[in-house]
**Student:** 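Starting off with a structure, shown below.
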Amino acid sequence: MGKEECKTMLDALNKVTACYRHLVIALGSTSDSQNLREELKKTRKKAQELAVANRTKLTSLLKDKTISKEDRAEYERLWVLFSSCMELLEVDMKRSLEIAQDFPLKVPTRHLIQTGMTGSTTTVAARAMSVQNMKYEADSNIDTADLRDLQAEITQVSQMMEEMEMKVQVAPWAVEAKQEAGAELKSNMSVGNSSVGVISICEEEPKEEEGGGGSRETGFASICAVIGFFVIVIVALVLGYLVVNM
């Protein structure tokens, strides 16, 4: 029961973190707006709440000396995934702070970047918050108060990651994966660009063999041409010597 609960909580954190990254991409572009800034604020707070819940649950389980070796290995694997998710969240929060400082909404200092992205990000934010409709508040201090809060939250996330490393010492390189590398490419469910890439590689392999035969023939012809050139040079030198002595 504990493992399934941890997996569910970690999946929720992964979803919210991924949505937050998607929203950060729109910052500073023509899709940037007051609503986007509020969506970012609510999404990152939701991610931090889930992060605290994941940390508390996994920490208590990994400190339990009575769990089996198999369960411990699984919790350590989930801990590594959780730590990676937190690193990505911290990176995106720092990126959000930098871009928001460069592109203030109330007093614009530069033009928004035309990235080709259009439309609203409300659907993505609603998915992250697990709600049908997002509610927005007219925050006039979005360029000042929110950035101060974001800076403080970045510090909190960094401190939480340091505490995680001190409380639970799990070496990422010592955790074994549950599936082979590239297993998702071999799955029948993988029908995206990866499958197309595999097919194209398989189709090109015979061409490489044919190209190898052609290159050998080209190399032989080049050798013959070099030998013929030297023969002509030697004959010319001999004829020139005979003409001079005559």
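For clarity, every value in this text was computed on a predicted model and none was experimentally measured.
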**Student:** Please determine whether residues Met9 and Leu62 belong to a single hydrophobic cluster, defined as Ile, Leu, Val, Met, Phe, Trp and Tyr linked transitively by side-chain heavy-atom distances below 4.5 Å.
**Tutor:**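 Each belongs to a different hydrophobic cluster.
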**Student:** Using salt bridge (Lys or Arg N to Asp or Glu O under 4.0 Å) as the criterion, list what pairs up with Glu49, not counting sequence neighbours.
**Tutor:**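 Applying salt bridge (Lys or Arg N to Asp or Glu O under 4.0 Å) to Glu49 gives none.
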**Student:** A side-chain contact here means heavy atoms from C-beta on lying under 4.5 Å apart; do Arg37 and Asp32 qualify?
**Tutor:**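 Contact flag for Arg37/Asp32 side chains = yes.
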**Student:** Working to the nearest 0.5 Å, report the span between CG of Leu50 and CE of Met86.
**Tutor:**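 Taking CG in Leu50 and CE in Met86, the distance rounds to 10.5 Å.
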**Student:** Quick one: CG on Leu36 to OG1 on Thr43, what's the gap to the nearest 0.5 Å?
**Tutor:**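 Spacing of CG (Leu36) from OG1 (Thr43) equals 9.0 Å.
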**Student:** Going by ring-ring contact (aromatic ring centres under 6.0 Å, His included), name the pairs with one or both residues in residues 78-98, residues two or more places apart or in two chains.
**Tutor:**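 Qualifying pairs, neighbours excluded: Trp79-Phe82.
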**Student:** Let me confirm one number: the CZ-CZ distance from Arg77 to Arg72, rounded to the nearest 0.5 Å.
**Tutor:**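 Taking CZ in Arg77 and CZ in Arg72, the distance rounds to 15.5 Å.
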**Student:** Out of curiosity, Arg148 CZ to Leu150 CG, how far, rounded to the nearest 0.5 Å?
**Tutor:**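 With rounding to 0.5 Å, CZ (Arg148) is 12.0 Å from CG (Leu150).
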**Student:** Mind checking side chain to side chain contact (heavy atoms under 4.5 Å, CB included) for Thr56 and listing every partner two or more places apart, or none if nothing turns up?
**Tutor:**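 So Thr56 forms a side chain to side chain contact (heavy atoms under 4.5 Å, CB included) with Val52.
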**Student:** Which residues pass the side chain to side chain contact (heavy atoms under 4.5 Å, CB included) test with Gln151, sequence neighbours left out?
**Tutor:**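 Gln151: side chain to side chain contact (heavy atoms under 4.5 Å, CB included) contacts with Leu97, Thr155.
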**Student:** So which heavy atom on Ile99 is nearest to which on Gly28, and how close?
**Tutor:**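 Shortest heavy-atom separation between Ile99 and Gly28 comes out as CG2-N, 4.0 Å.
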**Student:** Report the residues that fulfil salt bridge (Lys or Arg N to Asp or Glu O under 4.0 Å) with Arg21, sequence neighbours left out, ordered by chain and then residue number.
**Tutor:**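 With sequence neighbours excluded, Arg21 shows a salt bridge (Lys or Arg N to Asp or Glu O under 4.0 Å) to Asp92, given in chain and number order.
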**Student:** Hey, what do you get for OG (Ser158) to CD (Glu162), rounding to the nearest 0.5 Å?
**Tutor:**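 Reported to 0.5 Å precision, the distance equals 7.0 Å.
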**Student:** Which residues pass the salt bridge (Lys or Arg N to Asp or Glu O under 4.0 Å) test with Glu163, not counting sequence neighbours?
**Tutor:**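 So Glu163 forms a salt bridge (Lys or Arg N to Asp or Glu O under 4.0 Å) with Arg55.
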**Student:** Can you name the side chain to side chain contact (heavy atoms under 4.5 Å, CB included) partners of Asn14, sequence neighbours left out?
**Tutor:**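 In terms of side chain to side chain contact (heavy atoms under 4.5 Å, CB included), with neighbours along the sequence ignored, Asn14 is linked to Leu10, Asp11, Cys85.
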**Student:** Which residues pass the side chain to side chain contact (heavy atoms under 4.5 Å, CB included) test with Leu61, sequence neighbours left out?
**Tutor:**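 By the side chain to side chain contact (heavy atoms under 4.5 Å, CB included) rule, Leu61 matches Cys6, Lys57, Tyr75.
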**Student:** Starting from the C-alpha separation in whole Å, work towards a yes-or-no answer on salt bridge (Lys or Arg N to Asp or Glu O under 4.0 Å) for Arg44 and Asp146.
**Tutor:** CA-CA 12 Å; Arg44 74 170 187 262; Asp146 182 57; 2.9 Å; yes
**Student:** Sorted by first residue and then second, give each salt bridge (Lys or Arg N to Asp or Glu O under 4.0 Å) pair with at least one member in residues 62-71; sequence neighbours left out.
**Tutor:**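 Found Lys3-Asp71.
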**Student:** Salt bridge between Glu98 and Lys94, side-chain N to carboxylate O under 4.0 Å?
**Tutor:**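 The answer is no: the pair does not qualify as a salt bridge.
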**Student:** Does any non-hydrogen side-chain atom of Tyr20 lie less than 4.5 Å from one of Lys46?
**Tutor:**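 Heavy-atom side-chain distance check fails, nothing below 4.5 Å.
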**Student:** Taking only residues two or more places apart in sequence or in another chain, which ones pass side-chain hydrogen bond (donor to acceptor under 3.5 Å, both in side chains) with Ser33?
**Tutor:**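 Applying side-chain hydrogen bond (donor to acceptor under 3.5 Å, both in side chains) to Ser33 gives none.
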**Student:** Report yes if some heavy atom in the side chain of Ser83 is under 4.5 Å from a heavy atom in the side chain of Met164; otherwise report no.
**Tutor:**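 The answer is yes, as the side chains (C-beta and beyond) meet within the 4.5 Å cut-off.
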**Student:** Output the distance between atom CG (Leu23) and atom CD (Glu39), rounded to the nearest 0.5 Å.
**Tutor:**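 Taking CG in Leu23 and CD in Glu39, the distance rounds to 6.0 Å.
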**Student:** Please name all residues satisfying salt bridge (Lys or Arg N to Asp or Glu O under 4.0 Å) with Lys45, sequence neighbours left out, ordered by chain then number.
**Tutor:**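 Glu153.
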